[in-house]
Amino acid sequence: MGGGMRSKALLLGRIGYANDSWKSLSSIADIVETRARDRAEFLEECRTGRFDGVLVIYRTFESVDITGRFDEEVVLSLPTSVKFVCHNGAGYDQVDVQACSKRGIKLSNTPNVVNDSTADTAMFLILGALRRLNVPMATLRNGDWRGHRQPPLGHDPEGKTLGILGMGGIGRNLSKKAEAFGMRIIYHNRCRLGKERAGTAEYVTFEDLLEQSDIVSVNLPLNAETRHIISTHEFGQMKDGVVIVNTARGAVIDEDALVKALDNGKVASAGLDVYENEPNIHPGLTSNPHVLLLPHMGTWTVETQAAMEEKTISNVRSALETGALKDVVAEQGGL
Ligand SMILES: O=CC(=O)O
């Protein structure tokens, strides 16, 4: 932009599916890629001026393995030309939004396109944890068919109360799916939704959700307000034998407290896709046969990965062409 200079876009991470869309950006901007293998090298690369003139950054969830958290130190190391960061992911807890805002950098994420695959994963974990399928799946693979004792009997979703904590796009998608399984849906959200968006799901207070749910599904973003929102005190308010499902971010739940609640039987079973210290998992979870565990697979489908990349690229394109993002995060005034 300006003075006939071409804009630059920096790619942090890899494009796996939307390669044509990414390449088409080269008609409106020069693409720069990082050569850094770790955070120190990335910060050094910033200092050398290699990224000077970069207007917009495309970053992947996995790029955290190179740069570390996109925190204040990283943000302050960027050249002042950077005005936009387009994060490929719905959850953007890896990025310090406040640090971005202070520097006048706008951040986008990928809402909505993740809803189906993430809600499907939650449904899979709800059914699997209710039916306690992890136990017979393990005995069968150990060459022991149903084990030396009968596997534990599971429960039907029909008639059970599902408490959805966080009624954004994923929560609402899950609500519709769970309804088809005959579940009663209650939800808690910062703001109560209108009838049109809530459907048959009933709004309840946080305390009522904890007290009434047979299954609690966590569908909240991770931020300072939601970190450890479920801990020892909250487990204490839940029904005996409650099932916990988390497809959001591990640290929304206090993982130590969850392990204790599983060990003392308060929580009958859990279905987890996310953990507090990924890729490390609390040994109290991996050793517990009543816990169904996935390694952060919520959006891991061809369709969703492609859609997330396309959405991120469309934000990069919008930044380059119009000087504004389409999917600005909530903290910066997005929806
Ligand atoms: O975890 C996946 C995402 O935030 O999109």
Side-chain angles (χ1 to χ4, degrees), residues 11-18 57-71 85-97 100 107-126 164-174 177 189 217-227 229 244-253 255 270-281 292-316 325-332 334-335:
L11 175 61
L12 282 183
R14 284 163 23 105
I15 310 279
Y17 303 88
I57 299 175
Y58 178 121
R59 83 177 290 278
T60 65
F61 183 89
E62 291 77 17
S63 71
V64 76
D65 295 338
I66 300 170
T67 66
R69 268 182 53 78
F70 211 86
D71 57 10
V85 173
C86 302
H87 171 72
N88 181 7
Y92 46 91
D93 47 288
Q94 292 174 336
V95 181
D96 185 336
V97 185
C100 287
L107 175 69
S108 65
N109 67 334
T110 63
N112 303 322
V113 289
V114 304
N115 295 353
D116 261 314
S117 54
T118 309
D120 288 348
T121 304
M123 207 60 234
F124 169 83
L125 291 171
I126 290 169
I164 298 180
L165 188 55
M167 196 66 158
I170 298 166
R172 296 197 301 275
N173 189 302
L174 173 62
K177 284 170 177 158
N189 196 54
S217 173
V218 175
N219 300 99
L220 287 171
L222 173 64
N223 54 44
E225 279 91 60
T226 63
R227 181 174 296 273
I229 199 168
I244 304 291
V245 169
N246 190 359
T247 54
R249 284 294 181 269
V252 173
I253 299 178
E255 211 163 74
L272 305 174
D273 188 39
V274 289
Y275 308 90
E276 248 194 278
N277 280 310
E278 293 176 18
N280 302 313
I281 308 183
L292 195 53
L293 305 171
L294 293 175
H296 204 141
M297 302 288 282
T299 61
W300 204 242
T301 69
V302 171
E303 294 81 1
T304 299
Q305 289 298 309
M308 289 169 75
E309 289 187 349
E310 293 291 357
K311 197 166 188 71
T312 313
I313 293 169
S314 82
N315 275 280
V316 171
L325 298 172
K326 292 179 176 173
D327 301 291
V328 178
V329 299
E331 292 88 334
Q332 294 182 333
L335 286 175

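All residue numbers refer to positions in the sequence shown, counting from 1. As the structure lists them, so they are numbered: ligands from 1, and atoms in each ligand from 1. Because the structure is a prediction, the values reported are computed rather than measured.
Close contacts between ligand 1 and His296 involve ligand atoms 1 (O), 2 (C) [criterion: under 4.0 Å to a heavy atom]. Using a 4.0 Å cut-off to heavy atoms of Met308, the atoms of ligand 1 that qualify are 5 (O).
When only interatomic distances are considered, the shortest N/O to N/O separation between Ala90 and ligand 1 falls below 3.5 Å. Taking any N or O of Thr299, backbone or side chain, none lies under 3.5 Å from an N or O belonging to ligand 1. At least one N/O-N/O distance between Gly91 and ligand 1 falls below 3.5 Å.
For the pair Tyr275 and Leu293, the minimum side-chain heavy-atom distance is below 4.5 Å. Here the side chains of His87 and Met308 are not in contact, with every heavy-atom distance at 4.5 Å or above.
The side chain of Arg249, and not its backbone, has at least one atom closer than 4.0 Å to an atom of ligand 1 (non-hydrogen atoms only; side chain from C-beta on).
Taking a cutoff of 4.0 Å between a charged side-chain nitrogen and a carboxylate oxygen, Lys177 and Asp120 qualify as a salt bridge.
Other residues, nucleotides and ligands place no more than 12 heavy atoms under 6.0 Å from the CZ atom of Arg14.
Distance check, rounded to the nearest 0.5 Å: CG of Asn246 to CD1 of Ile253 gives 4.0 Å.
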